[in-house]
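Numbers restart at 1 for each chain; the letters A, B, ... are given by sequence-line order, proteins then strands. Values below: every heavy atom of this structure, side chains too, minus hydrogens, waters and symmetry copies.
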Amino acid sequence: MNHPSSSGSGDGEKSKDSVEVDATTRASNLLVYGSGKGNQQQGSFPKEDISAIILRCSSGSDYFRQQVVKDEKSNERIEEMKMKFEKEGGSSRLGSAAKTGIDLLVDKYRRSRPRESNKVVIDMDSFYYSCALARHKEEGTQPSHQGVHLNQMPVVVGGGMILTSNYEARKYGVRSAMAGFIADKLVAELSKGKVKLLHLKSDHKYYAEKSAQVRSILEEYDPNLKQYSLDEFYIDLTAHLAKSGDGSGDVQEVVSKMRARVLEECFLSCSAGIAPSSVLAKICSDLNKPDGQYHLPPGDDSIMDFMRQLDCRKVPGVGRVSQKFLAAFGIENCAELYARRYDIFKIFKEKTAGFLLRASVGGWGGEDEDSAASFGAGEDQGQKGISIERTFNPVWKREDVSSQLERVCERLGQNMARKGLRGRRITAKVKLASYVVFSRSKTGRVHMNEKEEIFKVADELVERVRKEVEARDDLEFKIRLLGVRVDEFEVKGGGGGGSIEKFFKKVEEEGGGGVGRGEEVRGGEEDDDEEEEDDEVEDDEEVMLSLSQSQQDSEHVDDWKFAKALQVRYDEEQKQFERMKEREREREQEDTSKSRKELGGGKGKLTDEELARRLQKEEELWDRGRKRKDKTAKGGEVKKQKTIFDMMNGKGKGK
DNA sequence: GCGGATCAG
DNA sequence: ATGGCTGATCCGC
Ligand SMILES: Nc1ccn([C@H]2C[C@H](O)[C@@H](COP(=O)(O)OP(=O)(O)OP(=O)(O)O)O2)c(=O)n1
Ligand SMILES: [Mg+2]
């Protein structure tokens, strides 16, 4: 459970035979295809077929086995939470004061949303792939393969791991974070052997250049724009629109022209979301992809209508597990989230509950803008940690492990030096060949950045894991990945702290004005780091069809999930779902009819007291404008964090 | 402070 | 046979 959501489960079991299709559909809803963030495009192959292939390729692999284990764990947690919730009687036990408090909060969110749709989120389409196409244009070469235009055939960027896919490939279910070999199978099988997936090599350096090029264009519209990743930009058009005549002041026209410029000058298409707040704009940016835009008119009615139909999974921060979790409580879209807003506070902890409450009414943007906009100097500004991790052929001998760890530390040391960072906490990450992950950390009193110092600590931590693993009979100490992270940075550039705080304050007062960027605490120099592919060390020459390295990750957990869901029986979930619905109906009835009863001495674990506490927390968050004050060490320096939420929280007062 | 889980791109 | 990497947050203990 992280921020916005929590864990989830719900895919129970059922006799797979009778409800195979139903199970498939159901599972895919919990996954990425149906209700994931992505949109299902026309011409796609049946998701049941896609899922079946993924399952077939996956079953039996260590990776898949581990995914199943993880899924079962999350399911258990969901069950626990559900039982606890039911035992406590749900929100019917909530005191009226608490309910009133929640509603007051909701009102506040709804009333303070910005009154105009001037926030724009630009998200590049199939970014890495589009860059490859752009390159052909720039170099005058043909964007085709064996006489066929790349857009007409399934293409991905990445070999062992898919970084992104073009839209043709997406029809086959090929997506980011999918293992290359599975992507190949999807295309081969679904096309009955007629089509072969084309893999392009990743070129991070080039993507960074294109990204900068796009940024420079967008900065003409908002010099304070914020960039969340190479392909995502957060723009506030308020000033630009007020300035004068562009597009007769119509946001949609301005954005349309803006995108046209990016296309013409960078040869890259992008999509945009236009809304009163950045979070909403972010959600909208996905609705008319590719090469499209979606405008969400301001106003409570407009936004409530929009949110009502919105699947929770579309809310940034609600991932696969959270979606499942919510679904277990009968919550699939934001209307249901709103209907159950009281329950939310009984089910989740403060951060999560507050986040979901906002989501239920699209209540973002009321706070102040994250003046972190001033971080033009480099995104590392508010960086809190730095890490390196590498996958390799499994090793176990101390010397081999050590050797791999050294490589990691070497790289980490270089990056830290380049960024002028020093931290006092070292965290070692170990992934066994079975995909079981361990992390062990040690917080020291001195800040380090030297490869040797870091290695020394990391090595001890890894050996600690070795001992723990060897002490168990269910695991084998064969590791496929080693990672090292350093955080708890020292406060640098003395004196910067206070001024920065004032700086933020000033920005707020002046209404997000364009105070120049530049300052920055960042004593060091400048970065420009970038992770590169893996460059220097030739090692991974790695081309398409690669074989060695490769690895994967979540995102596809969805597929795994899915696969797992297929292989598992569904009756359990079904039953629980029914029971829950039943209970919900009863509760709802009770609610509407007799309003709500106070039942005094709540012996439920969650008393009004606890609830009040959670509300209180949320109030505090509100008052602080959700601005994160992260004191970096004793310096008491305040820095804005570059999380997606900070990026998205638009300024309320700015009108 | 630590470790696991989740999320995002 | 083959399943990445970087950075961040939340929560329970
Ligand atoms: N798990 C992931 C997801 C994305 N990326 C990289 C490749 C993408 O091209 C880029 C942008 O990510 P998006 O999620 O925006 O995906 P795309 O831009 O590729 O496609 P879309 O058109 O859906 O935005 O980030 C990655 O390396 N690993
Ligand atoms: Mg994109």
### Query
From C:dC5, B:dT6, C:dG7, pick the nucleotide closest to the side chain of A:Glu389?
C:dC5

### Task
Fit a plane to each ring of A:Phe329 and A:Phe85, take the angle between them on a 0 to 90° scale, and name the class: parallel (under 30°), tilted (30 to 60°) or perpendicular (over 60°).
perpendicular

### Query
So, is A:Arg424 close to the B:dG1 phosphate, meaning a side-chain N or O under 4.0 Å from OP1 or OP2?
yes

### Options C:dC5, B:dC7, C:dA8, nucleotide nearest the side-chain atoms of A:Gln383
C:dA8

### Task
Would you check if the side chain of A:Ser271 reaches a backbone N or O of A:Asp286 as a donor-acceptor pair within less than 3.5 Å?
no

### Message
Check the phosphate of B:dG1 against A:Arg445, side-chain N and O only, distance under 4.0 Å to OP1 or OP2. Yes or no?
### Response
no

### Message
I want to check one thing: is the phosphate of B:dT6, taken as OP1 and OP2, less than 4.0 Å away from some side-chain N or O of A:Lys73?
### Response
no

### Message
Any side-chain N or O of A:Ser387 below 4.0 angstrom from OP1/OP2 of C:dG7?
### Response
yes

### Query
Rounded to the Å, how far apart are A:Lys37 NZ and B:dG9 P?
7 Å

### Summary
Atom NE2 of A:His204 and atom P of C:dT6 are separated, to the nearest Å, by 10 Å

### Task
Decide side-chain contact (heavy atoms from CB on, under 4.5 Å) for A:Phe438 and A:Leu432; before the verdict, give the C-alpha distance in whole Å, the side-chain angles of both, and the deciding distance to 0.1 Å.
CA-CA 8 Å; A:Phe438 290 88; A:Leu432 305 182; 3.8 Å; yes

### Task
Would you indicate which nucleotide in C:dT9, C:dT2, B:dT6 comes nearest to any side-chain atom of A:Lys185?
C:dT2

### Message
Need one value for A:Asp231: base, sugar-phosphate or nothing, where a base atom within 4.0 Å counts as base even if backbone is also close, heavy atoms only.
### Response
sugar-phosphate

### Query
With respect to the phosphate group of B:dG1, does any side-chain polar atom (N or O) of A:Thr443 fall under 4.0 Å of OP1 or OP2?
no

### Message
Please tell me if A:Thr391 has a side-chain N or O lying less than 4.0 Å from either OP1 or OP2 of C:dC5.
### Response
yes

### Task
Please state how far atom CD in A:Glu232 lies from atom C1' in B:dG9, giving the value in whole angstrom units.
7 Å

### Task
Respond yes when some side-chain nitrogen or oxygen of A:Arg390 is under 4.0 Å from OP1 or OP2 of C:dT6, and no when none is.
yes

#### Entry: Heavy-atom donor-acceptor pair, A:Ser211 side chain to A:Leu230 backbone, under 3.5 Å
yes

### Separation of atom CZ in A:Arg425 from atom P in B:dG1, rounded to whole Å
8 Å

### Query
Rounded to the Å, how far apart are A:Leu230 CG and C:dC5 P?
17 Å

### Message
Show, in sequence, the C-alpha distance, side-chain angles and deciding distance for A:Lys324 and A:Asn75, and conclude whether the side chain to side chain donor-acceptor pair (under 3.5 Å) test is met.
### Response
CA-CA 9 Å; A:Lys324 218 161 86 170; A:Asn75 286 343; 3.1 Å; yes

### Query
Nearest to the side chain of A:Lys282 - B:dG9, C:dC11, B:dG4?
B:dG9

### Query
For B:dG3, does either OP1 or OP2 sit under 4.0 Å from a side-chain N or O belonging to A:Ser441?
yes

### Query
Between A:Glu232 and A:Tyr234, does any side-chain donor sit less than 3.5 Å from a side-chain acceptor?
yes

### Task
Answer yes or no: does a side-chain N or O of A:Arg485 lie under 4.0 Å from OP1 or OP2 of C:dC5?
no

### Task
Go through C:dT6, B:dG4, B:dG9 for me and flag the one nearest to the A:Ile388 side chain.
C:dT6

### Message
Would you say A:Arg77 places a side-chain N or O within less than 4.0 Å of OP1 or OP2 belonging to C:dG12?
### Response
no

### Query
Distance check: side-chain N/O of A:Lys429 vs OP1/OP2 of C:dC5, anything under 4.0 Å?
no

### Message
Can you measure A:Tyr234 atom OH to B:dA8 atom C1' for me and round it to whole angstrom units?
### Response
9 Å

### Query
How close or far is atom P of B:dT6 from atom CD of A:Gln67, stated in whole angstroms?
10 Å

### Task
Output yes when at least one side-chain N/O atom of A:Thr352 is less than 4.0 Å from OP1 or OP2 of C:dC11, else no.
yes

## Note on the structure
A:Tyr228 atom OH is separated from C:dA8 atom C1', nearest whole Å, by 8 Å

